[in-house]
J.: 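Could you have a look at this structure, given as structure tokens, before my questions?
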Amino acid sequence: MVVLFRKKSLDRSVARREMAKIVIDLKQLHKRAFYYRERLESKVRELKGKLPYIDDERLKKSLIENIRMYENALKVVSNIEAALELLIIRLETLGLLGMTVKEMIMIKEVLKKLRGSTEWISDLSLIAEDISERVGDLLEFFPAPQHTVISASAEAEKIIKEAEVIAKEKYSLTTA
């Protein structure tokens, strides 16, 4: 008898190890976002410090435009950083209880929602895409009922909205 389709199985210890690697990689991604935010804040401070000493109107206008560009990038990176921070905190809290399929779906959903924001920062985008694919690979072993997918998507949406609020607060504190 030839078996055409074999149900995939995954050892519980291997699954836990893979989930732990995903959380570690999310932390690394968060560190990179933090690093970019710090660099952007530094650049904005530097440019704003130069502004009062420039007399040429064209040069001043160009500098103001650069400051706006860096501030817009800072808003996006702050959003990404806050979303990853919230996701990691949620996962670490749940990790004490044991991560479930719902949390894996939540990781995938948050990263999917951040994808558009990370496209212009190639290393953030590549890492986020890699993590998302690895979560997708793990999910092949754990089929999820539709209500779990819906619930995880709602949790991901809450994380993104909370992250926007936190990022705005952080941004307003750093630019004040």
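Sequential numbering from 1 along the given sequence is applied to the chain's residues. Every value quoted in this text rests on a predicted model; they were computed, and no experiment measured them.
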J.: Between atom CD1 of I22 and atom NZ of K108, what is the distance when rounded to the nearest 0.5 Å?
T.: 10.0 Å
J.: Would you give the length of the straight line joining atom CG of D137 to atom CG of L139, rounded to the nearest 0.5 angstrom?
T.: 9.0 Å
J.: Are any of the side-chain nitrogens in E71 or R68 under 4.0 Å away from the carboxylate oxygens of its partner?
T.: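 Salt bridge: no.
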J.: Salt bridge (charged side-chain N to carboxylate O under 4.0 Å, His left out) for E157 and K113? Distances and angles first, verdict last.
T.: CA-CA 8 Å; E157 193 62 41; K113 291 178 187 322; 3.3 Å; yes
J.: Is the closest side-chain heavy-atom distance between Y36 and I80 below 4.5 Å?
T.: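 Heavy-atom side-chain distance check fails, nothing below 4.5 Å.
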J.: Check salt bridge (charged side-chain N to carboxylate O under 4.0 Å, His left out) between E46 and all other residues, then give those that pass, not counting sequence neighbours.
T.: K43, K50
J.: State, with a plain yes or no, whether a side-chain heavy atom of I159 is found less than 4.5 Å away from one of R90.
T.: yes
J.: Are M69 and N66 close enough that some pair of their side-chain heavy atoms sits under 4.5 Å apart?
T.: yes
J.: Strictly distance-based, threshold 3.5 Å: is any side-chain N or O of S153 a donor or acceptor partner for the main-chain N or O of V149?
T.: yes
J.: If you take all heavy atoms of R115 and E129, which pair is closest and at what distance?
T.: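 Nearest heavy atoms, R115 then E129: NE-OE1, 3.0 Å.
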J.: Do you know the tightest heavy-atom contact between L40 and V77?
T.: CD1-CG2, 3.8 Å
J.: How many angstroms lie between NZ in K112 and CD1 in I105, if you round to the nearest 0.5 Å?
T.: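 It is 10.5 Å, given to the nearest 0.5 Å.
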J.: Answer yes or no: is there an ion pair linking K161 with E164, defined by an N-O contact shorter than 4.0 Å?
T.: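 A salt bridge is absent here (no side-chain N lies under 4.0 Å from a carboxylate O).
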J.: When you group the ILVMFWY residues by side-chain heavy-atom contacts below 4.5 Å and let the links chain together, are I54 and I67 in the same group?
T.: yes
J.: If you take all heavy atoms of A82 and A167, which pair is closest and at what distance?
T.: CB-N, 4.2 Å
J.: Just wondering, do R134 and D25 contact through their side chains at under 4.5 Å, heavy atoms?
T.: yes
J.: Show the nearest heavy-atom pair for residues L111 and S132, with the distance to one decimal.
T.: CD1-N, 3.8 Å
J.: Out of curiosity, does V23 fall in the hydrophobic cluster containing F34 (side-chain heavy atoms, cut-off under 4.5 Å, transitive links)?
T.: no
J.: What I'd like to find out is whether the side chain of I160 reaches to under 4.5 Å of the side chain of L114, using heavy atoms alone.
T.: yes
J.: With hydrophobic residues grouped by side-chain heavy-atom distances under 4.5 Å, do L59 and L51 end up in a single group?
T.: yes
J.: Which pair of heavy atoms, one from A152 and one from K102, lies closest together, and at what distance?
T.: CB-O, 3.4 Å
J.: Carefully, step by step, assess L126 and T118 under the rule side-chain contact (heavy atoms from CB on, under 4.5 Å).
T.: CA-CA 9 Å; L126 289 172; T118 62; over 6 Å; no
J.: Counting distance only, does the side-chain N/O of S42 pair as donor-acceptor with the main-chain N or O of E38 below 3.5 Å?
T.: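 Judged by distance alone, no pair lies under 3.5 Å.
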J.: Just wondering, do I89 and L91 contact through their side chains at under 4.5 Å, heavy atoms?
T.: no
J.: Apply side-chain contact (heavy atoms from CB on, under 4.5 Å) to residues Q28 and I127 and explain how you reach the verdict.
T.: CA-CA 9 Å; Q28 291 297 323; I127 293 168; 6.0 Å; no
J.: Is the shortest heavy-atom distance from the side chain of I64 to the side chain of L47 under 4.5 Å?
T.: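 Not in contact.
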J.: When rounded to the nearest 0.5 angstrom, what distance separates CD in E103 from OG1 in T148?
T.: 10.0 Å
J.: Looking only at heavy atoms, which two atoms of I88 and H30 are closest? And how far apart?
T.: CD1-CB, 3.7 Å
J.: Can a side-chain donor-acceptor contact be found between R39 and Y35 if the only test is distance below 3.5 angstrom?
T.: yes
J.: When rounded to the nearest 0.5 angstrom, what is the spacing between CG in L87 and CG in L26?
T.: 5.5 Å
J.: Could you tell me the separation between the CG atom of L138 and the CE atom of M104, rounded to the nearest 0.5 Å?
T.: 5.5 Å
J.: Answer yes if Y70 and W120 sit in the same cluster of Ile, Leu, Val, Met, Phe, Trp and Tyr residues linked by side chain heavy atoms under 4.5 Å apart, and no otherwise.
T.: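 Cluster IDs for Y70 and W120 match.
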J.: From the options R37, K27, K75, select the one residue that forms a salt bridge (charged side-chain N to carboxylate O under 4.0 Å, His left out) with E81.
T.: R37
